[in-house]
Amino acid sequence: LEAFGNAKTLRNNNSSRFGKWIEVILDQRNQICGARITNYLLEKSRVVHQLSGERNYHIFYLMCAGCSPEQKAKYKITSPENFEYLSSTTAKIDGVDDADEFHQLT
């Protein structure tokens, strides 16, 4: 599921944009008796803005490259350049085949 939470940044082609908060639950004697894990998205702003040389979350590019013609028609998917939130970013990552990555997800 990294495609949904990772993005290309200036420093890393597959940078994680999500995190976990672990809440430790203690009993009356201050001993661990449980825990809760909360998953959250670190950078919601990445959906609407990227720096030059970065790209949005991988899943958007994977879908543009890997969806079948029927899926593209059904979901109105074209190339990244046709989407406002993808058009100002780097669509390609050297050495990564977005269509192949998409097919590995399905």
Side-chain angles (χ1 to χ4, degrees):
L1 294 176
E2 287 185 348
F4 290 93
N6 291 8
K8 179 187 181 309
T9 66
L10 295 175
R11 295 182 183 173
N12 185 336
N13 283 347
N14 198 33
S15 184
S16 174
R17 309 326 296 163
F18 55 90
K20 294 180 188 238
W21 171 264
I22 301 174
E23 178 182 359
V24 178
I25 302 167
L26 306 174
D27 64 16
Q28 290 83 7
R29 297 179 295 153
N30 287 328
Q31 294 185 350
I32 297 174
C33 63
R36 276 180 234 162
I37 299 174
T38 303
N39 295 306
Y40 58 94
L41 191 57
L42 292 174
E43 294 186 69
K44 294 177 185 174
S45 63
R46 182 165 296 282
V47 174
V48 296
H49 177 75
Q50 295 79 42
L51 297 175
S52 177
E54 295 187 339
R55 80 176 196 171
N56 211 316
Y57 291 104
H58 295 316
I59 191 62
F60 298 131
Y61 303 92
L62 271 58
M63 291 178 72
C64 288
C67 281
S68 69
E70 295 79 17
Q71 290 169 317
K72 287 182 177 184
K74 180 177 181 179
Y75 300 115
K76 298 180 176 34
I77 296 172
T78 59
S79 67
E81 297 80 27
N82 294 325
F83 292 96
E84 181 70 28
Y85 293 151
L86 305 180
S87 63
S88 65
T89 64
T90 304
K92 300 284 184 195
I93 297 176
D94 291 338
V96 175
D97 182 336
D98 287 331
D100 183 55
E101 295 284 327
F102 178 79
H103 295 296
Q104 290 180 35
L105 290 175
T106 56

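Keep in mind that this is a model prediction, so the values were computed, not measured.
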Nearest-0.5 Å distance that lies between atom NZ in K72 and atom OG in S79: 8.5 Å
What is the minimum heavy-atom distance between Y57 and Y61, and which atoms define it? O-CD1, 3.5 Å
Closest contact, heavy atoms only, A35 versus I22: CB-CG2, 4.5 Å
Going from CE on M63 to CG on L105, what distance comes out if it is rounded to the nearest 0.5 angstrom? 10.0 Å
Examine W21 and I37 and state if one hydrophobic cluster contains both, with Ile, Leu, Val, Met, Phe, Trp and Tyr joined whenever side-chain heavy atoms are less than 4.5 Å apart. no
Who are the salt bridge (charged side-chain N to carboxylate O under 4.0 Å, His left out) partners of E23, not counting sequence neighbours? R36
Below 3.5 Å, can you tabulate the donor-acceptor pairs from side chains in residues 91-102 to any protein atom, sequence neighbours excluded?
residue: D97; atom: OD1; partner: A99; partner atom: N; Å: 3.1
residue: D97; atom: OD1; partner: D100; partner atom: N; Å: 3.1
residue: D98; atom: OD1; partner: R55; partner atom: NH2; Å: 3.1
residue: D98; atom: OD2; partner: R55; partner atom: NH1; Å: 3.1
residue: D100; atom: OD2; partner: Q104; partner atom: NE2; Å: 3.0

Under 4.5 Å between side-chain heavy atoms, hopping through other hydrophobics if needed: is there a path connecting Y75 to F83? yes
Which atom names give the shortest non-hydrogen contact between E81 and S87, and what distance separates them? O-CB, 3.4 Å
With a sphere of 6.0 Å drawn around CD of Q31, does it hold more than 12 non-hydrogen atoms of other residues, nucleotides or ligands? yes
So which atom in C64 and which in L86 form the shortest heavy-atom distance, rounded to 0.1 Å? SG-CD1, 4.4 Å
Crowding at CD1, I32 (>12 non-hydrogen neighbours, <6.0 Å): no
